[in-house]
Amino acid sequence: MPRRKLSDLRIVQVPREEEVLNNEGVSGVGSSEVPKTVEETQETQVEVGQRRKSRGRTMLTGLYNLPPGERVQVSRNDAGQPIGAEAGVQANVIGMTARNGSLLPISYESWREMPNGNKNQAVDHIKERFSLEVSDDYVKHALGKKWRDHKSFLKKKYFKNSLSLQEKMQNVPPGLLRYQWEDAVRFWSSTKGEERERVGIASRQKQKYTHTTGSKSFARIANEEELKSGSSVGRVQLFDITHTKKDGSAITPEAAEIMAKMKDKKIEFEATASTNGSANLDDIDNQVIADVLGPERYGRVRCQGSFVTPTKYFGAQSSQYMPSQSRSSQAEVNRLQQQLTQFKAEVEAREAERAAMEAERATREAEREASYKNLENKFQELMTMFKQNPPQNPPS
């Protein structure tokens with residue numbers, strides 16, 4: 001596939017003030033030239049005869065040679081996800097930034113432990129070339145995903161189980177700082193790291209099928225289909241699109257079975273909704289997917305891509321599409337919140353009562369102090385009068 005030309009993208013001119021602000025917020029690490037990163041050949045490789053031809057480095061020199069003040073404009077959909085051809089270029093730059101060990105070291109155990117300063121610096125680095133409609137939270141979310149993928153690739157290629165710990169530490173990937181690699185190797189070799197790998201392998205084995213979209217996001221595919229057809233794309237339709245190969249067949253037998261079940265269920269639910277006069281295509285799709293694939297998981301919604309959570313997508317109805325355990329857990333959370341609110345009210349009432357008692361006691365103390373002062377003053381007056389007018393001795 002030919003590489004995308006910069007002339008095909010939307011370029012905008014940012015105000016001078018914004019240009020200065022962005023430049024002040026970014027350090028010199030990779031900010032004025034193509035980032036120097038460990039170049040994996042993660043991208044698709046194809047067999048050409050007996051030679052294995054790899055795609056090569058992602059350079060994007062045209063992007064990094066943009067005149068000062070010019071940015072690539074990246075639009076978003078209603079869910080806050082980037083769409084359009086510009087989103088693909090943005091995704092490439094996010095991947096390049098995530099692989100930049102100077103900005104985002106791999107020595108941290110998880111993305112959650114990565115300092116916010118590093119994350120913010122990486123976001124600012126991306127904003128040097130893009131005018132984004134998406135939020136910083138989305139960019140950080142995408143960076144975290146690419147950063148984890150990067151670590152996974154390095155581990156798969158350079159962390160050989162057949163080697164000793166010392167040999168693993170010496171097998172530093174080209175271009176990677178030694179201390180970062182050694183820290184990563186120590187964690188992967190620890191009990192905690194091995195347990196995390198075991199959980200990841202078990203989770204991966206449960207996945208019976210994958211999608212056919214490659215590096216293109218679900219949001220971009222849905223947007224392109226909507227522009228082509230002129231109508232919105234539902235979740236069931238998007239599942240079919242993203243799990244069908246170019247020849248029209250399903251990617252796996254399991255996916256074909258799921259698509260057949262979804263088709264039957266959708267016909268059934270549409271007939272019922274039509275009879276009741278309450279047809280809503282989005283609700284029908286949600287019911288079909290929940291019925292065929294089961295409840296949604298925390299933090300994601302099937303066929304909606306990254307950054308879309310059940311709460312954001314379903315709103316107040318999110319609980320009916322979540323697992324029963326999640327619903328019971330939510331009920332328990334609500335019960336505890338009610339108890340906490342009641343407890344706070346009781347504490348505040350006791351505090352108010354105690355404050356009132358303290359005020360009353362202070363008032364009584366003040367009254368007693370005033371009475372004592374009054375008696376003391378009267379006594380002093382009597383003593384003064386006695387000294388001034390001593391009593392006369394009676395005549396003999």
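Residues take their numbers from the sequence shown, with the count starting at 1.
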Practice task
Determine which pairs satisfy salt bridge (Lys or Arg N to Asp or Glu O under 4.0 Å) with at least one residue from residues 101-118, sequence neighbours left out, and list them in order.
Solution key: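 Only Glu109-Lys192 qualify under salt bridge (Lys or Arg N to Asp or Glu O under 4.0 Å).
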Handout entry: Flag for Ser110-Arg196: side-chain donor and acceptor within less than 3.5 Å
Key =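 The answer is no; no qualifying pair exists.
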Problem - Flag for Asp137-Ser135: side-chain donor and acceptor within less than 3.5 Å - result: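 Not at all, the side chains of Ser135 and Asp137 share no donor-acceptor pair under 3.5 Å.
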[Y]/[X] salt bridge by N-O under 4.0 Å criterion:
X      : Y      : result
Glu381 : Lys378 : no
Asp183 : Arg186 : yes
Glu353 : Arg350 : no
Glu296 : Arg235 : yes

Quick check against the 3.5 Å criterion: does [X] have a side-chain atom that pairs as donor or acceptor with the backbone of [Y]?
X      : Y      : result
Gln81  : Ser306 : yes
Glu86  : Val72  : no
Ser190 : Phe187 : yes
Trp181 : Ile106 : no

Practice task
Run through the side-chain heavy atoms of Ile, Leu, Val, Met, Phe, Trp and Tyr, join any pair under 4.5 Å, and report what else lands in Ile241's cluster.
Solution key: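 Grouped by the 4.5 Å side-chain rule, Phe218, Ile221, Val233, Leu238 form the rest of the cluster around Ile241.
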Problem - Members besides Met383 in its Ile/Leu/Val/Met/Phe/Trp/Tyr cluster (side-chain heavy atoms under 4.5 Å) - result: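 Met383 clusters with Phe379.
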Practice task
May I ask you to test the Arg129-Val93 pair for a side-chain heavy-atom distance under 4.5 Å?
Solution key: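 Side-chain contact under 4.5 Å: no.
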Problem - Geometric cation-pi criterion, Lys151 with Tyr108: 6.0 Å, 45° - result: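 Judged by the rule (NZ or CZ under 6.0 Å from the ring centre, within 45° of its axis), Lys151 is not positioned above Tyr108.
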Handout entry: CG-CD distance between Leu176 and Glu182, expressed to the nearest 0.5 angstrom
Key =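 It is 10.5 Å, given to the nearest 0.5 Å.
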Handout entry: Nearest atoms (heavy-atom pairs only) where Met114 meets Pro105
Key =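 Looks like CE-O, 3.3 Å.
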Practice task
Over all heavy atoms of both residues, which pair between Asp136 and Lys127 is shortest? Give the atoms and the distance, please.
Solution key: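 It is OD1-NZ, 2.8 Å.
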